[in-house]
Structure formats: C-alpha cells, structure tokens
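Residue numbers begin at 1 in each chain, while the letters A, B, ... track the order of the sequences. We use all heavy atoms of the structure for the numbers below, so side chains are in, but hydrogens, waters and symmetry mates are not.
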Amino acid sequence: MRWSRTLIPTLKETPAEAEIVSHKLLLRAGLVRKLTGGLYTFLPLGLRALRKVEQIVREEMNRAGALELLMPALQPPEIWQQSGRYETAQEVLYKVRDRAKKEWVLGPTHEEVITTLVAGEINSYRQMPKNFYQIQVKFRDEIRPRFGLMRAKEFIMKDAYSFDATDEAAQASYHKMYDAYARIFQRCGLKAIPVEADTGVMGGKFSHEFMVPAAAGENEVAFCDGCGYAANVEKATSAVEKCCDQTIEGEVEKFATPGVVTIEALSQPPYEVPAARQIKTLVYLAASKPVLILLRGDDQLNEAKLTGALGTATFRAAEAEEIFATLGAHPGSLGAVGVTHLPVYADERLRETVEMTTGANADGFHLRHVAIGRDIQVAHWADLRLVRAGEACPKCGKSLKIQRAIEVGHVFKLGTKYSLAMNALFLDESGKQQPAIMGCYGIGVTRTLQAVIEQRHDDNGIIWPISVAPYTVCITPLNTAPESAVMQCAERIYAELTECGVDAILDDRNERPGVKFKDSELVGFPIRVGIGEKSLAKGEVEIKPRGGTLVSLKADEAVEKVLSLIADSAG
RNA sequence: CGGAGCGUAGCUCAGCCUGGCAGAGCACUUGGUUUGGGACCAAGACGUCGCAGGUUCAAAUCCUGUCGCUCCGACCA
C-alpha cells in the first residue's frame, strides 16, 4: 500500500473526548473515528489490525476443534422469552419494530440462537462434543459507553458455545477453550492472566476471566505472587481471621451516641470502639423486599457476592426513607438486634463474634455487649466481604495484591440452563433423554485490539506486535521524487517485500522527514526501513524496529534482514 | 438513573464574568523557499457560536428549556 492512496488521518493533538492512552492513540493514529457515543467507524488501518486479531482468534478456535458459523444479529424476542432472559437482560436489549409493528431484538449475545439450532440438529450423544463459534457484532444498550472501543454499544465479539453429553466431556471442552484463550492472547502480544471469576446469578458452576493488567481497566483483580492465585475481587476470598477472641462480658446495653452516624466516629473518643468490634448493618431491597446485611465494621460489602447469597441480581441499597420505615431509625443507627421480621444475611467473619457494638435502631443510640446468635438471629451466613490488598492469600497465606485489569475474555461453564429452557435434549447411550451440558466462551475482539494498545505503547505512539500490526513494515524514503535514487531504492524494497508476502506500506508522501518518522512511530509499524540520500550514497539503508535500535546495512541486504526480524518475532 | 463538567472552524482552544465587527494555533488550498525528527514566508478558503424560546436597541456572552458529549457510580466482552 502507498501511504498517499490510503486514509491515515493522524492527529498531532489529542481529541478532547479521549481520556485513556489507548483511546487517544486509536484516534491519533487514525485507526478509528467516532460516529457518536459508543459507535465507531474502523478506518482502513484500524480494520487491518482488527482483521489480524480476528484471524488469530479464528486459527486458534479452529485448532481447538471449534466450528465457525454465523448467526443473525437480529433475533425474535420469543426465544428470549423462552430462556427467561427477555426479563432479566432487558436493560441491555435493543428492541426494534418492523413495519407490521412486530418487535425484534438486536442480539447482545447468542445463547438462545445457538441452543435453538442445537435443539433441532443434535439429538444423539454420538453427535457430541460440539463447539460452535462466530465472530459477530453484538449490540448492548450500555448504561455508559466509554473509553472508545473498550465499552461500546456495538462491538465485535467472538462467542463460542460447547455442547457435551457428560460432565467430564464438558470439563474437557472448557479446558480446551481455556488453553486456546491463553494462546490467542499470547499471539496478540498481550500479557493476559486467567483469573477466577464470579458466576453471578448463573451460580454454581465455574468461570475464568482473562485479564489484561492496566490502570485503565474497569475490573479489579486480587492476585498472589506466591502461588499464582488470581481472582476477580467480585469472587476473591482471603484467609482473614473469622472470630474475635473475646468472652461475653454482659447483657446488651443501650448507650447514647448523639450525632454519631459513622463507623469512624464511633471509633473515636469518647467511645473508642474499634471498627473491627462494630457490626455494620445495611438495608437492601431484594426483589422489593427489605433484607438486613451485616458486616464487620471495617469490611465492605461485595455486591457480586450478595447476588450469589440472595439468588437474585435485582436488588439495591434502600433509601434513607425506606430504611426509616423498615427499622424506625436512619442510617448510622441501624442494627439487627431483636429484628425478627426481616431476613438477616451476615458475613462469615461475624460468625460467633461477641462483645460487638451496633446501632440500636433508634437515632442517637448504639448497643454494646452484643453477641451474634444470642442477640441477633442470622438467617443466612455467607461470604459477603470485599477482599483488601495485603490480606492473606486463601491458598498459600502470602499477601494479596490488587490490580486493575481489562477483561478481554471469559470462559464459563453454563450447565443445562439453556438446554433445558430451549429443549436441547439428546438421547444418551442408554436411550435416556438428557439436556446437553453447555459452556460459553467470549472474547471481546474490538476490546482486545484496544487492550493491545493500552499495554503496548510509549510516548511516541503504539508499539504493535507483528502479529496484529496493520502493516508489518513501513518504508520511508526521504525523497519521493520518482526518478531519485532514494525513491527507486524504496520502490525496489517495497516490491520485494510485497513479493515475499510481507505487509508493507510505502510512505510516498512528499513530507519532511520529521513528519514521516513521527507518523510511522505514532501508528506503530513494527519495522521501519529508512532510505535517505546520505546513507544511500554509501549504498546503505536503515532498519529501525519500533522500540528497538536502528541499524544501517547494505541496501541489498535490507529485505533479508526484514524477513529475519519477522521470523525471529514469530519464533 | 444519580453526581460533576463541557458544547465557538476538520482538531486543540481563547472570547462569556462585565452584552457592541466571531478569533488564535494546528490542519486545508495556491505560490515560493526548504528537506535526516511534527519547517518558513506570502496569499486564501473554512462558522446556524449544539438546538429552541425569552430578555435587550443589540446575545457566542444574560435567563429558561432541550439535545449531545466527557468524567465518577450501578451493567458487561
């Protein structure tokens, strides 16, 4: 490709809309342009990089035995009603109507479609295992699109769905995908770590997310340097001591605490009750019914864990007025002592604790000498707390670290939720009808592309790995007059590289050298071949790997050198 | 949806407080000089000041409404 013939609208200045570095570089390097919030056009260069990521995904999925197909983005709402997700996923569903006023949905994901297909086509254990995948546009009515391609209303996802006859086989399918994902991200030049993930309302089964560590990430991951334990903080646990070593000193006693409405204030003089000896009482509305949630004063609630404990994701913190109507006191003076009309959920860490202090359900009063069990009836015990950096790893006891990360992939053992709902049944060896056991596996392809930029850049621009670079080599003649020796040399190298199957771009613009160098580094081509009057007078050209050091060599050896650099990186 | 901020040329932004000719830099066009790290000179083209209403002799500027965008929180690949 000749630079002058394609469209690479690089920007010297950063568009005001971009906040994180990868978003800025997507725009500055001329890879994408925004149509409107959460919707982007891929320009020629951005599309080339995207296609390369897709191709890596495709090759590794095929290698793992998955079968590519393509499902409709436009879907009938009936199948969503059948799976029950027409209700539970309604916030993210884009709905459209045709001229007959019939409603349709734009698919945010494809479990319903694939399971409908499989229900019709797979009837015997002999036809399994099967794993179907596609690379397709997804539509999600995101609450807040942000960071360019990172969270968009429309994005490209690779989604795969496995169907197995037995649990062991489903396990094997899962691990195949896990391994394929590790290869995919590695080939994209990404450091992505698999972490244990929360399974949300699906519950029960297991799940891993592939996380790219980055300050701009929207997730937090807890990990242990000692044993390699890594988990999304939504899921992470730590080996904290559960029980305090106190003995009961007396009966519950009410005392006045005028104006004290925070854990912090109660820990100060004159009260001096350590946060660890307080019980924090939260009121949530689960399916519109109030529940009490108890945590140790110095712990934070993990709402993902609460989802699991409540068995529903439709809950929210109650408003102050709702709380007053329920308990007769305002936040800051709440407690569960003597509360029998509401279900009480308590964090495991409070189990058997005594000599605790908590709100009295009367504004301006607290209770001391509170003993869990004796004074508070807990209906459900669960792990509800958020882990914190520095706590002990649940596996090996070393100190946990917490880091932000971008979720680029997710592997999930689904079980039979969809196969039962959509009637994807088969006959097993003994002629018995069984639901297929499913797994689903997603990779955010557009997000992965941006994650590569987020992880691989410097002050001058993107540093593409050869595997996903829009062009591998940028040939930069400093004189573009057609008859000049410099340009003729550039043309020869360009032709030879292209002949060898190398993706090369020839910067034939009549620009000053500085402009060309800056642009090639901003866009981040892995290898630049520079050809100028001075060095060419000595028969030499220059090869500069992006982020590496420049070498001068004979013009005749340039192509060979480039090929060996490419071969090295592939190895 | 709650909180915060911003909408002026393709991009970055000034002008708004205190109403009075719509501006700068970059990018673009033409000519010239330049040519190894985002050049220089000259001439030019480019605007519904987000939109609607109001106040006023006069509104980018003040008021009301509205739409859009960005950031923080809840959703997720």
Q.
Does A/F147 reach a base, just sugar-phosphate, or nothing at all? Heavy atoms under 4.0 Å.
A. sugar-phosphate
- Item | Inter-nucleotide P distance (B/C72, B/C16), Å rounded | 30 Å
Any N/O donor-acceptor pair, A/T36 side-chain to B/G68 base, under 3.5 Å: no
Side-chain atoms of A/R528 come closest, of B/C13, B/G37, B/U70, to B/G37
Picking from B/C71, B/G38, B/A77, the nucleotide nearest the side-chain atoms of A/V515 would be B/G38
**Message:** In whole Å, measure the gap between the C1' atoms of B/A60 and B/C49 for me.
**Reply:** 4 Å
Exactly one of A/L45, A/L31, A/L522 clears side-chain contact (heavy atoms from CB on, under 4.5 Å) with A/I8, and that residue is A/L45
### Message
Does A/I406 reach a base, just sugar-phosphate, or nothing at all? Heavy atoms under 4.0 Å.
### Response
nothing
From the candidates B/G36, B/A77, B/U70, the one with an atom nearest any side-chain atom of A/K534 is B/G36
P-based separation of B/G19 from B/C13 [nearest Å]: 27 Å
note: A/R151, atom CZ; B/U70, atom P; distance rounded to Å ~ 14 Å
- With stacking defined as ring centroids separated by under 5.5 Å and planes differing by under 30°, is A/F517 stacked against B/G38? no
Looking at the base of B/G36, is there any donor atom on it, or on the side chain of A/E533, that sits under 3.5 Å from an acceptor on the other one? no
Mate of B/U18 across any strand shown (Watson-Crick or G-U wobble, both atom pairs under 3.5 Å) is none
Between B/G50 and B/G15, how many Å separate the two P atoms, rounded to a whole number?
15 Å
Original post:
Looking for any heavy atom pair under 4.0 Å, which part of the strands does A/E91 touch: base, sugar-phosphate only, or nothing?
Top reply: nothing
Once the angle between the rings of A/F185 and A/F210 is folded into 0 to 90°, is it parallel (under 30°), tilted (30 to 60°) or perpendicular (over 60°)?
tilted
Open item on the list: Using a heavy-atom cut-off of 4.0 Å across all strands, would you classify A/D159 as base, sugar-phosphate, or nothing?
Closed with: nothing
The residue, A/L522 or A/G37, whose nearest nucleotide of RNA chain B is more 5′ is A/L522
A/M61 CE to B/A77 C1', in whole Å, measures 14 Å
Testing B/A27, B/C75, B/U70 for proximity to the side chain of A/E19, the answer is B/U70
Taking B/A77, B/U35, B/C11 as options, the one with an atom nearest any side-chain atom of A/P15 is B/C11
For this session: Look at all strands and tell whether A/K138 reaches a base, only sugar-phosphate, or nothing, counting heavy atoms closer than 4.0 Å.
Result: nothing
Taking atom C1' in both B/A45 and B/C28, compute the distance separating them and give it to the nearest angstrom. 8 Å
Closest of B/G36, B/C69, B/C75 to the A/E542 side chain is B/G36
Separation of B/G73 atom C1' from A/Q300 atom CD, nearest Å, is 14 Å
Separation of B/C75 atom P from A/E234 atom CD, nearest Å, is 7 Å
Partner of B/A39 under the Watson-Crick or G-U wobble criteria, both distances under 3.5 Å, comes out as B/U33
Does the pair A/E557/A/K554 count as a salt bridge with the N-to-O cut at 4.0 Å? no
Checking N1-N3 plus N6-O4 or O6-N4 for Watson-Crick, or N1-O2 and O6-N3 for wobble, each under 3.5 Å, the partner of B/A4 is B/U70
Whole-Å distance, A/K516 NZ to B/U35 P, equals 15 Å
Looking only at B/A77, B/G73, B/U12, the nucleotide nearest the A/A16 side chain is B/U12
With hydrogens left out and only the distance checked, is there a donor-acceptor pair under 3.5 Å joining A/R512's side chain and the base of B/U34? yes
- Polar pair under 3.5 Å, donor/acceptor by atom type, side chain A/E521, base B/G37: yes
Whichever of A/E303 and A/R28 has the more 5' nearest nucleotide on RNA chain B, that residue is A/R28
Please tell me if A/K12 has a side-chain N or O lying less than 4.0 Å from either OP1 or OP2 of B/A27.
yes
Answer for the Watson-Crick or wobble partner of B/C13, both distances under 3.5 Å, is B/G23
Whole-Å distance, A/Y284 OH to B/A74 P, equals 10 Å
When rounded to the nearest 0.5 Å, the distance separating OH of A/Y94 from CD of A/E154 is 9.0 Å
Mate of B/G47 across any strand shown (Watson-Crick or G-U wobble, both atom pairs under 3.5 Å) is none
Worksheet item: Rounding to the closest angstrom, what is the interatomic distance between B/A9 and B/U66 at atom P?
Response: 25 Å
Separation of the P atoms in B/C17 and B/A59, to the nearest angstrom: 14 Å
Of the candidates B/A77, B/C11, B/C1, the side chain of A/E13 sits closest to B/C11
Practice prompt. Determine whether the aromatic ring centres of A/H330 and A/F324 lie less than 6.0 Å apart.
Written response: yes
What's A/T14 touching, base or sugar-phosphate or nothing? Going by heavy atoms closer than 4.0 Å. sugar-phosphate
Under a 4.0 Å threshold between the charged nitrogen and the carboxylate oxygen, would A/E220 count as salt-bridged to A/R404?
yes
(message) Counting distance alone, no hydrogens or angles: does the base of B/G38 have a donor or acceptor under 3.5 Å from a partner atom on the side chain of A/R509?
(response) no
Pick base, sugar-phosphate or nothing for A/A481, based on heavy-atom distances below 4.0 Å to the nucleic acid. nothing
Considering only heavy side-chain atoms of A/E142, the closest of B/C69, B/U12, B/C75 is B/C75
Practice task
Can you check whether any acceptor in the base of B/C76 is under 3.5 Å from a donor in the side chain of A/R140, or vice versa?
Solution key: no
task: Using a strict 4.0 Å threshold on nitrogen-to-oxygen distance, state whether A/E54 and A/K158 make a salt bridge.
output: no
- [ ] Rounded to whole angstrom, note down the P distance from B/G36 over to B/C21.
- [x] 46 Å
Give a yes/no on whether any side-chain N or O of A/R144 is located under 4.0 angstrom from OP1 or OP2 of B/C72.
yes
Of B/G38, B/C75, B/C72, the nucleotide closest to the side chain of A/K518 is B/G38
Check your understanding: According to the interplanar angle, ranging from 0 to 90°, do the rings of A/H208 and A/Y174 count as parallel (below 30°), tilted (30 to 60°) or perpendicular (above 60°)?
Key -> tilted
Smallest heavy-atom separation, A/L334 atom then A/V283 atom, equals CD1-CG2, 4.0 Å
